J.: 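Please find one structure pasted underneath; my questions will follow.
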Amino acid sequence: MRIATFNINGMNARLPALLQWLEEEQPDVACLQELKTPHEKFPELAIEAAGYGAIWHGQKSWNGVAILQRGAKPQELKVGLPGDEEDLQSRYIEALVDGVVVACLYLPNGNPAPGPKFDYKLKWMERLIIRGQELIDSGVPAVLAGDFNVMPHDIDVYKPERWLTDALFRPESREAFHRLVAQGWTDSVRAMHPDEVIYTFWDYFRNAFGRNAGIRIDHLLLSPSLAPSLRGAGVHTNVRAREKPSDHAPTWIELDWKGA
DNA sequence: ATGACTGATGGAATCAGA
């Protein structure tokens, strides 16, 4: 079972690139973020024609998340991260796929920090930590996949000294991320490649991709019940090198999982 | 450190991203 996460930065602007990637890689599950489209403008027919069923939570202009499943429609479990009924941003959707709970998330950026956006990020992370503990306690095989907007360690940043005051790398953000992982989650890409410099995002500015001035912020965290099934992980950096790319690259894992 | 790029909205200039 192959699961990928891909911040596509505009579902409709990125549709040709998305379809090409789906055709090439045929992931069993694809978690998408930053749809940037209202619910009714999601290109459901094009996704179906590519062989995928989909559930999604759209929003005008910003945010938006989707889960695609090859050959079937994902069984929807949750839309929206629990814990704040006043939070209307489309950043969390959860489905059951072949016995695995797949949570697709788009964690808030949080800049500028400090400030209200950073406060929102940290509060959102506390809600995610609560949901993470519920999933761990249930014992269900689960993956938290998405754009976490956090670089866990220095090795995950091109120039860590330049990011110390940024919301993606501030101590508060990293501490909350590590507290989530400490519940028992496995950072699958890092687990498979402990010492390798791996990035999932490169700024559009200043030829960042050409200089490999990147950061690793897209993650797939595996529950203790699923981590022993991990067989491979990586980033499709070739997708970032194409014409009209997202600023993120698809990040993937391979699981030895037969379904439940 | 900043914002040189990009997408969405709306039909120009602004917001947001990370």
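Values in this document were obtained by computation on a predicted structure and should not be read as measured data. Labels below follow one simple rule: chain letters A, B, ... track the order of the sequence lines, proteins then strands, and each chain is numbered from 1.
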J.: Does A/Trp202 reach the side chain of A/Arg240, with side-chain heavy atoms less than 4.5 Å apart?
T.: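 Contact flag for A/Trp202/A/Arg240 side chains = yes.
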J.: Tell me which donor-acceptor pairs under 3.5 Å the side chains of residues 145-153 of chain A have, and how far apart each pair is, sequence neighbours excluded?
T.:
{"from": "A/Asp147", "atom 1": "OD1", "to": "A/Asn149", "atom 2": "N", "distance (Å)": "3.0"}
{"from": "A/Asp147", "atom 1": "OD2", "to": "A/Asn7", "atom 2": "ND2", "distance (Å)": "2.9"}
{"from": "A/Asn149", "atom 1": "ND2", "to": "A/Leu107", "atom 2": "O", "distance (Å)": "2.8"}

J.: Please report the distance, rounded to the nearest Å, between OH in A/Tyr120 and C1' in B/dG17.
T.: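 A/Tyr120 atom OH is separated from B/dG17 atom C1' by 14 Å.
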J.: Rounding to the closest angstrom, what is the interatomic distance between B/dG3 and B/dA8 at atom P?
T.: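 Going atom to atom, P in each nucleotide, I get 24 Å.
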J.: Do you see a donor-acceptor pair shorter than 3.5 Å between the side chains of A/Thr251 and A/Asp218?
T.: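 On atom types as modelled, these side chains do not qualify, holding no pair under 3.5 Å.
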J.: Could you tell me whether A/Asp187 and A/Arg216 make a salt bridge, using a distance below 4.0 angstrom between a side-chain N and a carboxylate O?
T.: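 Salt bridge between A/Asp187 and A/Arg216, a charged N being under 4.0 Å from a carboxylate O: yes.
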J.: Mapping A/Phe205 and A/Leu107 onto DNA chain B by nearest heavy atom, which one lands closer to the 5' end?
T.: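 Of the two residues, A/Phe205 wins.
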J.: Using the P atom as the point on both nucleotides, what is the distance between B/dG11 and B/dT2, in whole Å?
T.: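 After rounding to an integer number of Å, I get 32 Å for this pair.
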J.: Can you measure A/Asn111 atom CG to B/dC15 atom C1' for me and round it to whole angstrom units?
T.: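 Atom CG in A/Asn111 sits about 15 Å away from atom C1' in B/dC15.
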J.: Taking any heavy-atom pair under 4.0 Å as a contact, classify A/Asn207: base, sugar-phosphate, or nothing.
T.: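 Contact class for A/Asn207: none.
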J.: Would you mind checking if A/Asp87 and A/Lys123 are paired as a salt bridge, meaning a charged N to carboxylate O distance below 4.0 Å?
T.: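 Salt bridge flag = no for A/Asp87 with A/Lys123.
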J.: Assess the side chains of A/Lys36 and A/Asn9: does a donor N or O sit below 3.5 Å from an acceptor N or O?
T.: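 Yes, A/Asn9 and A/Lys36 have a side-chain donor paired with an acceptor closer than 3.5 Å.
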J.: Quote, to the nearest angstrom, the P distance that separates B/dA1 from B/dT6.
T.: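 After rounding to an integer number of Å, I get 25 Å for this pair.
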J.: With the criterion being N/O to N/O and under 3.5 Å, what pairs connect the protein with nucleotides 7-14 of chain B, and how long is each?
T.:
{"from": "B/dG7", "atom 1": "OP1", "to": "A/Arg14", "atom 2": "NH1", "distance (Å)": "3.3"}
{"from": "B/dG7", "atom 1": "OP1", "to": "A/Lys244", "atom 2": "NZ", "distance (Å)": "3.0"}

J.: Pick the nucleotide of DNA chain B nearest each of A/Met151 and A/Arg162; which residue has the one closer to the 5' end?
T.: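 Result of the comparison: A/Arg162.
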J.: What interatomic distance, in whole Å, is found between P of B/dG17 and the corresponding atom of B/dA12?
T.: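 Looking at atom P only, B/dA12 and B/dG17 are 26 Å apart.
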J.: For nucleotides B/dT9 and B/dA4, find the distance between their P atoms and express it as a whole number of Å.
T.: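 The answer is 22 Å between these two P atoms.
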J.: Roughly how many Å is it from CD in A/Glu243 to P in B/dC5, rounded to a whole number?
T.: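 The answer, rounded to whole Å, is 15 Å.
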